[in-house]
Amino acid sequence: MLETSHPLNQPVSILKGAGKEAESSLASIGVFTVGDLMEFVPARYEDMRLKSPEEAEHDEKVTIEGMIQTEPSVMYYGKKKSRLTFKLLSGPHLINVTFFNQPYLKKKAAVGETVTVTGKWDRHRLAISGQTMEKGEYARGTDFEAVYLLRNAIPLKQFRKLVKQAIDSFGGHIVETLPPHLLKQYRLMERKDAIRALHFPVSHKEMKQARRRFVYEEFFYFQLKMQALRKTIREQSGGIVQKYDLVKLKELIDSLPFELTNAQKKAVNEICADMKSPYRMNRLLQGDVGSGKTAVATLALYASVTAGFQGALMVPTEILAEQHAKSLHDMLEPFGITTALLTGTVKGKRRKALLGALEAGEIDILIGTHALIQDDVVFRNLGLVITDEQHRFGVNQRRVLRSKGENPDVLFMTATPIPRTLAITVFGEMDVSIINEMPAGRKAIETYWAKEEMLGRVLDFTEKELQKGRQAYVICPLIEESEKLDFQNALDVHTQLTEYFRGRFTVGLMHGRLSSDEKDAVMNSFSANELNVLVSTTVVEVGVNVPNATVMIIYDAERFGLSQLHQLRGRVGRGSEQSYCMLIADPKSETGKERMTAMTETNDGFVLSEKDLELRGPGDFFGRKQSGLPEFKMADMVHDYRALETAREDAKELINAPDFWSNEEYHHLREMLNDSGVFTGEKLD
Ligand code: ADP
Ligand code: MG
């Protein structure tokens, strides 16, 4: 952000005591410049406040002041080992002080002398194992000492000295980057003061103030980038105005066998407003499984067609593509809309004919898998792209997808309810519509948590459902037996259940190692109710719709995160019958128990997602690294979520302020945005 000639961009080697060796040690922990040194965030603070023995905890590091009562004596033992001991009167307490291997301290210590000793407190023996000793009464400059994670690169003391020197010599060059009106509004410390207070706080309060400023700063910078990116995407040249036919759209809505929920209506309105505007839509549609996202998507696609454009719906699996293709066809064919399905299995002549029809504009809506974004798939005039289950991709992947068309409007759908704090971070550059309401009359799935001993009863219960003509899923964490993990595996469970239900019900098997043809075959027979029970790994997680299935049994349920359990449970409860979910689990950990209990208590995906975030933390929430989650040095998305919300609103307002691009006050922020590549789309982190 600053030119190389700027004082803060000078190498650390210009500091006294930072020779070649220190320079390369510092480089190994990412500190190259004076500015880096200043911005190195302490891992924690040590409380150096004077304590009386009553206040100190056992094993805590404490600083105690007192008068030496007995002649200090040194005992030598072993090679170079020694022990210095004396008794210290602190208040009414006589304390045993020991220093290991610091015999020279004896010179500082004489009977009657007042000293301040810092060390580890032993509450039971009224003893302190000293680390440092100062002559005289307690007089330390700071109550809290910053401790850094230095990975043994450089001694802590030396590092502190360098930081101090950097601040003393160059602190005057630290520029303020947050807009003055925000500093004032939130009473934030100025950057210069905050840097000093970060490393050398004079009080607990000051330390917290410094932290508060940097938390806000981190969120604000991040959100400013996101909002700039949002603006760029929206205003990219050539965003299309889709003048859809409202009368026709209403006809389709009226033809539906149900009334849209309010949340669905709101989402449809938001999407249609985006499509009609000259801006490019870049919107996320979040809603629980079964909340009616596909219905909303279908309406949006239809609107686009009435405006004279083509639409595309991309989903992650072939099974899902086929299901969607069928339901869209059934809904839209009566309205004269031509839909088509394109997956990896459409090949040769059929594929060629389909692509020809697509390019000629004879196909209105194309549904499919990733096959949709291959180079040779050419639309005549693509207006709207909808992708399902995109939450796993980061900002950059989303960018690639958008670039496939000629500035079409883009809608992302996800059935994984994402806590708001994560949504506005991971999807910070997008607009968000939320369907937080289930269609009326939907029966809540009854969820039970059972230990393995109860399996017999679970199976009896399942049998009753099967007798009624219903179907059941049985989910296992593993495909086959593992030496390392003691969990149920699908192959064994399939064998056991086949035996158990022999002559009464049929049991199918599904897992990730089947070819996609085999998977389709199994799924189709389950859909057709030729298989009564389906034993599966989590491959069945995404989007599958078999309304006749009413039982979901999940083995070793403690193995799964809350979001995943909720996703799995969402496979049932899709028809009109009462559905059940049975979690077979014997969790050892408290969080495991909390997860099971949470599942039995609520069917609300957003509630569960908040709980999941609380139990797992933001890093693990998505269950994999490629989440697109940014890393903050100081801010914590969960604990500091209020600051995150505030920073987002402030950033949004600033980026749209008429004087943002001209006012000298925002010069540094503009430079930061330029450097971050949000305008060129090159990089973003
Ligand atoms: P999602 O894509 O969010 O999982 P769907 O759009 O597939 O949900 O809807 C699930 C089921 O609910 C479908 O059978 C659909 O026809 C039905 N449905 C959708 N919206 C409503 C509604 N407002 N009222 C009643 N049923 C609805
Ligand atoms: Mg538009």
Side-chain angles (χ1 to χ4, degrees), residues 249-250 252-271 283-303 311 313-317 319-335 339 365 367-369 384 386-391 411-418 423 432-445 471 473 523 527 540-550 552 563-564 566-579 581 603-606 608-609:
L249 184 60
K250 285 208 164 127
L252 177 59
I253 293 174
D254 288 342
S255 82
L256 295 175
F258 47 75
E259 168 97 8
L260 291 179
T261 62
N262 286 330
Q264 281 174 314
K265 284 181 197 159
K266 183 156 179 266
V268 172
N269 283 337
E270 285 165 346
I271 291 163
R283 184 172 285 278
L284 178 71
L285 177 62
Q286 268 203 71
D288 227 327
V289 174
S291 62
K293 292 182 300 301
T294 310
V296 170
T298 308
L299 293 171
L301 287 165
Y302 180 66
L313 175 61
M314 192 166 93
V315 298
T317 67
I319 300 173
L320 205 53
E322 283 166 19
Q323 285 183 356
H324 280 345
K326 186 173 181 314
S327 66
L328 261 74
H329 172 83
D330 293 350
M331 240 171 103
L332 296 176
E333 202 214 27
F335 291 81
T339 59
I365 296 172
I367 297 124
T369 53
L384 174 63
I386 302 184
T387 65
D388 201 354
E389 287 303 328
Q390 285 299 319
H391 67 280
L411 180 70
F412 297 90
M413 300 201 292
T414 176
T416 305
I418 302 164
V432 180
S433 293
I434 292 180
I435 308 186
N436 54 358
E437 179 186 7
M438 282 292 182
R442 192 78 46 88
K443 293 192 182 76
I445 301 164
Q471 290 165 279
Y473 292 98
M523 216 50 233
S527 278
V540 77
E541 187 184 344
V542 178
V544 173
N545 192 24
V546 180
N548 189 48
T550 55
M552 167 61 67
S563 296
Q564 200 177 12
H566 180 65
Q567 287 277 308
L568 289 167
R569 176 168 63 182
R571 298 306 110 218
V572 298
R574 310 193 124 228
S576 51
E577 303 298 329
Q578 177 61 51
S579 286
C581 175
N603 270 292
D604 186 328
F606 285 97
L608 287 171
S609 79

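Both ligands and their constituent atoms are indexed starting at 1 by order of listing.
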Original post:
What protein heavy atom is closest to atom 8 (O) of ligand 1, reported as residue, atom name and distance in Å?
Top reply: Gly292 N, 3.1 Å

Original post:
Testing Thr550, Leu568, Val546 for side-chain contact (heavy atoms from CB on, under 4.5 Å) with Tyr473, which one passes?
Top reply: Val546

Original post:
Any N or O of Pro439 that comes nearer than 3.5 Å to an N or O of ligand 1?
Top reply: no

Original post:
What atoms of ligand 1 come within less than 4.0 Å of a heavy atom belonging to Glu259?
Top reply: 22 (C), 23 (N), 24 (N)

**OP:** Could you tell me whether Glu270 and Lys266 make a salt bridge, using a distance below 4.0 angstrom between a side-chain N and a carboxylate O?
**Re:** yes

Subject >> Atom indices of ligand 1, in the order listed, that fall short of 4.0 Å to a heavy atom of Ala295 >> reply: 6 (O)

Original post:
Please state which protein non-hydrogen atom is closest to atom 20 (N) of ligand 1 and give its distance, to 0.1 Å?
Top reply: Gln264 NE2, 3.0 Å

Original post:
Which residue holds the protein heavy atom closest to atom 11 (C) of ligand 1, what is that atom called, and what is the gap in Å?
Top reply: Arg442 NH2, 3.8 Å

**OP:** Decide, yes or no, whether a salt bridge links Lys326 with Asp330 under the criterion of side-chain N to carboxylate O below 4.0 Å.
**Re:** yes

**OP:** Answer yes if a protein heavy atom lies under 4.0 Å from atom 13 (C) of ligand 1, otherwise answer no.
**Re:** no

Original post:
Judged by non-hydrogen atoms, does Asp288 sit under 4.0 Å from ligand 1?
Top reply: yes

Original post:
Which distance, rounded to the nearest 0.5 Å, do you find between the CD1 of Ile365 and the CD1 of Ile367?
Top reply: 6.5 Å

Original post:
Which residue holds the protein heavy atom closest to atom 16 (O) of ligand 1, what is that atom called, and what is the gap in Å?
Top reply: Phe258 CE2, 3.4 Å

Original post:
Quick one: nearest non-hydrogen protein atom to atom 2 (O) of ligand 1, plus distance?
Top reply: Thr294 OG1, 2.5 Å

Subject >> Pairwise distance CG(Leu285) to OG(Ser291) - rounded to 0.5 angstrom >> reply: 7.5 Å

Original post:
Got a second to check how far Thr339's OG1 is from Leu301's CG, nearest 0.5 Å?
Top reply: 10.5 Å

Original post:
Do His566 and Asn603 meet the criterion of a side-chain donor-acceptor pair at a distance under 3.5 Å?
Top reply: no

Original post:
Which heavy atom of Glu577 sits nearest a heavy atom of Lys443, and at what distance?
Top reply: C-CD, 4.5 Å

Subject >> Option among Asp388, Thr387, Ile386 that satisfies the side-chain contact (heavy atoms from CB on, under 4.5 Å) test with Met314 >> reply: Thr387

Subject >> Sub-4.0 Å heavy-atom contact, Ala415 with ligand 1 >> reply: no

**OP:** Please write down residue, atom name and distance for the protein heavy atom closest to atom 4 (O) of ligand 1.
**Re:** Gly290 N, 2.7 Å

**OP:** Output the list of atoms in ligand 1 that are nearer than 4.0 Å to some heavy atom of Ser291, sorted by atom number.
**Re:** 3 (O), 8 (O)

Original post:
Quick one: does ligand 1 sit under 4.0 Å from the side chain of Arg574, the backbone, both or neither, non-hydrogen atoms only?
Top reply: side chain

Original post:
With a 4.0 Å cut-off on heavy atoms, does Gly287 reach ligand 1?
Top reply: no

Original post:
What atoms of ligand 1 come within less than 4.0 Å of a heavy atom belonging to Thr261?
Top reply: 23 (N)

Original post:
So, do Ile253 and Gln264 sit near enough that their side-chain heavy atoms are less than 4.5 Å apart?
Top reply: no

Original post:
At under 4.0 Å between heavy atoms, which part of Leu260 makes contact with ligand 1: side chain, backbone, both or neither?
Top reply: backbone

Original post:
Are any of the side-chain heavy atoms of Gln286 and Val432 separated by less than 4.5 Å?
Top reply: yes

